[in-house]
Structure formats: structure tokens, C-alpha cells
Amino acid sequence: MPLHVPPAPAPALRSVLTALGSPSAVREARTPALRAAQGPTTPELPLPVHVLDRITPQGLSATRLAGWRFLIRCGERAVAAADTMLTADGWAFSHFFEGPYIASTERAVQQAEALPQPYQPRLLSVPGLYMLTLWLHGDCAAEAAEGHPVASDLLVPLAPAPPGISAHRPHRVAELLPVLTHRATPVPLLGSPA
């Protein structure tokens, strides 16, 4: 089943296109692969990036939209990514980057495209665990900027995943939530009040 990729806000896309067209933005980026790219580069696969700041024993709190991420393709592969952020003046380019999450995102999206059920792809960052997942939301018509993972949604941890959590293995939110809750809950120090 194809994924239902939500459209990015037009100003977010324009800001990335402007940054890609700016020699100084590309030259100053700490992305050797982007600076060395031979041929045209294009922003593709816009994904809303949601952040989960808190996991409670009762479940996931609502997420907040932190920005939109575009994979920057040159030829047959993504060589970098571009993040945008919401400012008081609207959507703006934030930065280019590269690293393992680029290839891991591509791999997770390819896996998701082979699933029998349609999903809306998003990224979910769990800063407390240094974890990024491809969040496959079951409601393909949902507003991409809103919501939180529901029990039947899938989370695909991207590599590198935290120890003990397998990268690229889809988990239902209901299955992965207890693991995340346990890991994100601080353990009281010996001798401290409970």
C-alpha cells in the first residue's frame, strides 16, 4: 500500500529550496555529502517532526510539532536532510544535516510502503531516550501537524536505536509504550525518598 505523505506547508518547502539555491547556505552546512553533490539536489519526502517530551505511566501525552524534515536527494539517493521550524514569521529553514538517520529513514519508509495497510508517515522524536522513530499513523486523512500516537499506530525505531530496542522493527504503540515508559521513568537514587 502506498504511504499517504502529507503535503508540507508551502513556505517550509520554499525556505528549503531557497537554502539549496544559496551557495553560502550549502557551503556553510556541515554536510560534506551535500557540498560534494554532483548534479541537482531536490527536497523530497516531507515529514512532520513531532516531539514527545513526556511519557507518563498512563500513556503518551500529546505530541508537539517541531518542524518539517525533507530528505535532500541527489541522483538515486538521499545525501542529506533539511529541517524547517515554525517562527513568529512562519516557516523558515533551520539547517542541513547528514548522518545515519538519513539512510535509516529511507529504509523504514521502503519497509512501510510494503505494508498491507495505508499509513500517514511522520517522524516522532523521543528526546529523553535519544530516539527517533518513523511514526505510521493509521488515520491517513488526519491533520499532519496534530495528534498523538494511538495504540494501533506503528512506530519503527530508526538506527541507531537505544540499546535493547531493535531498529527497523515495526512495533504497535501499545507494545512499545511499556518499554518506553519504563526507560523514560527516572529510577530513584538509593537513600532518596520514593
Side-chain angles (χ1 to χ4, degrees), residues 1-9 12-13 16 33 41-52 55 59-84 96-181 183-184:
M1 261 295 145
L3 294 176
H4 294 268
V5 179
L13 176 58
V16 171
T41 54
T42 55
E44 296 182 356
L45 191 65
L47 295 173
V49 180
H50 291 261
V51 175
L52 179 63
I55 304 171
L60 300 174
S61 62
T63 63
R64 63 179 168 84
L65 181 66
W68 283 80
R69 179 167 295 166
F70 297 80
L71 294 184
I72 307 300
R73 186 166 300 282
C74 181
E76 296 296 314
R77 66 183 190 94
V79 295
D83 275 356
T84 62
F96 292 117
F97 68 94
E98 62 183 77
Y101 285 134
I102 309 298
S104 188
T105 301
E106 280 192 306
R107 179 178 169 191
V109 165
Q110 288 171 352
Q111 288 176 297
E113 288 174 338
L115 295 172
Q117 179 181 340
Y119 289 100
Q120 182 189 82
R122 304 170 173 196
L123 292 173
L124 180 66
S125 173
V126 186
L129 298 175
Y130 301 101
M131 181 178 183
L132 184 63
T133 69
L134 179 65
W135 167 16
L136 300 173
H137 192 49
D139 182 358
C140 295
E143 176 61 40
E146 298 173 1
H148 65 277
V150 297
S152 58
D153 286 353
L154 295 178
L155 296 177
V156 182
L158 300 181
I165 297 177
S166 299
H168 298 287
R169 182 176 171 270
H171 301 270
R172 293 243 176 253
V173 168
E175 297 167 358
L176 191 57
L177 179 61
V179 175
L180 298 181
T181 303
R183 291 200 173 197

Original post:
Which pair of heavy atoms, one from W68 and one from P7, lies closest together, and at what distance?
Top reply: CH2-O, 3.5 Å
**OP:** Please examine the side chains of L136 and L3, heavy atoms only from C-beta on, and report whether any two atoms are closer than 4.5 Å.
**Re:** yes
**OP:** Would you please name every residue forming a salt bridge (Lys or Arg N to Asp or Glu O under 4.0 Å) with R122, sequence neighbours left out?
**Re:** none
Original post:
When rounded to the nearest 0.5 angstrom, what is the spacing between CG in L123 and NE2 in H50?
Top reply: 9.0 Å
Original post:
Under the ring pair (Phe, Tyr, Trp, His ring centres under 6.0 Å) test, which residues partner Y101, sequence neighbours left out?
Top reply: none
Original post:
Are any of the side-chain heavy atoms of P2 and E113 separated by less than 4.5 Å?
Top reply: no
Original post:
What are the two closest non-hydrogen atoms of T84 and A12, and how far apart are they?
Top reply: CG2-O, 3.6 Å
**OP:** Go through the steps to decide whether I72 and T42 satisfy the test side chain to side chain contact (heavy atoms under 4.5 Å, CB included), and finish with yes or no.
**Re:** CA-CA 5 Å; I72 307 300; T42 55; over 6 Å; no
Name each donor-acceptor pair under 3.5 Å that joins a side chain in residues 150-165 to protein atoms two or more places apart or in another chain, with its distance.
from, atom 1, to, atom 2, distance (Å)
D153, OD1, H137, ND1, 3.4
D153, OD1, G138, N, 2.9
D153, OD2, W135, NE1, 3.0
D153, OD2, H137, ND1, 2.6
D153, OD2, V150, N, 3.2

Original post:
Looking at residues at least two apart in the chain, or sitting in another chain, which of them share a ring pair (Phe, Tyr, Trp, His ring centres under 6.0 Å) with F96?
Top reply: F93
**OP:** Calculate, to the nearest 0.5 Å, the distance between atoms NE2 and OG1 belonging to H168 and T133 respectively.
**Re:** 11.5 Å
Original post:
Can you tell me how far the CG atom of D139 sits from the OH atom of Y119, to the nearest 0.5 Å?
Top reply: 12.5 Å
**OP:** Would you name the heavy atoms of E98 and A80 that are closest together and state the gap between them?
**Re:** CB-CA, 4.4 Å
Original post:
Given side chains that start at C-beta, do those of P6 and P121 come closer than 4.5 Å, heavy atoms only?
Top reply: yes
**OP:** With the side chain counted from C-beta on, respond yes when T63 and P149 share a heavy-atom pair under 4.5 Å apart, and no when they do not.
**Re:** yes
Subject >> Those residues that, when tested against E106, pass salt bridge (Lys or Arg N to Asp or Glu O under 4.0 Å) (two or more places apart) >> reply: R73
**OP:** Would you check if the side chain of Q120 reaches a backbone N or O of A141 as a donor-acceptor pair within less than 3.5 Å?
**Re:** no
Subject >> Residue list, side-chain contact (heavy atoms from CB on, under 4.5 Å) with S125, at least two apart or on another chain >> reply: V51, P127, L132
Original post:
Would you say the side chain of F70 lies within less than 4.5 Å of the side chain of L47, judging by non-hydrogen atoms?
Top reply: no
**OP:** Output the distance between atom CG (L45) and atom OG1 (T105), rounded to the nearest 0.5 Å.
**Re:** 8.0 Å
Original post:
Given side chains that start at C-beta, do those of F97 and D83 come closer than 4.5 Å, heavy atoms only?
Top reply: yes
**OP:** Find the distance between CE (M131) and CG (L52) and round it off to the nearest 0.5 Å.
**Re:** 10.0 Å
Original post:
In Å and rounded to the nearest 0.5 Å, what is the CG to CD distance from L13 to E44?
Top reply: 11.0 Å
**OP:** For the pair V49 and L65, evaluate side chain to side chain contact (heavy atoms under 4.5 Å, CB included) and give the outcome as yes or no after the intermediate values.
**Re:** CA-CA 6 Å; V49 180; L65 181 66; 5.6 Å; no
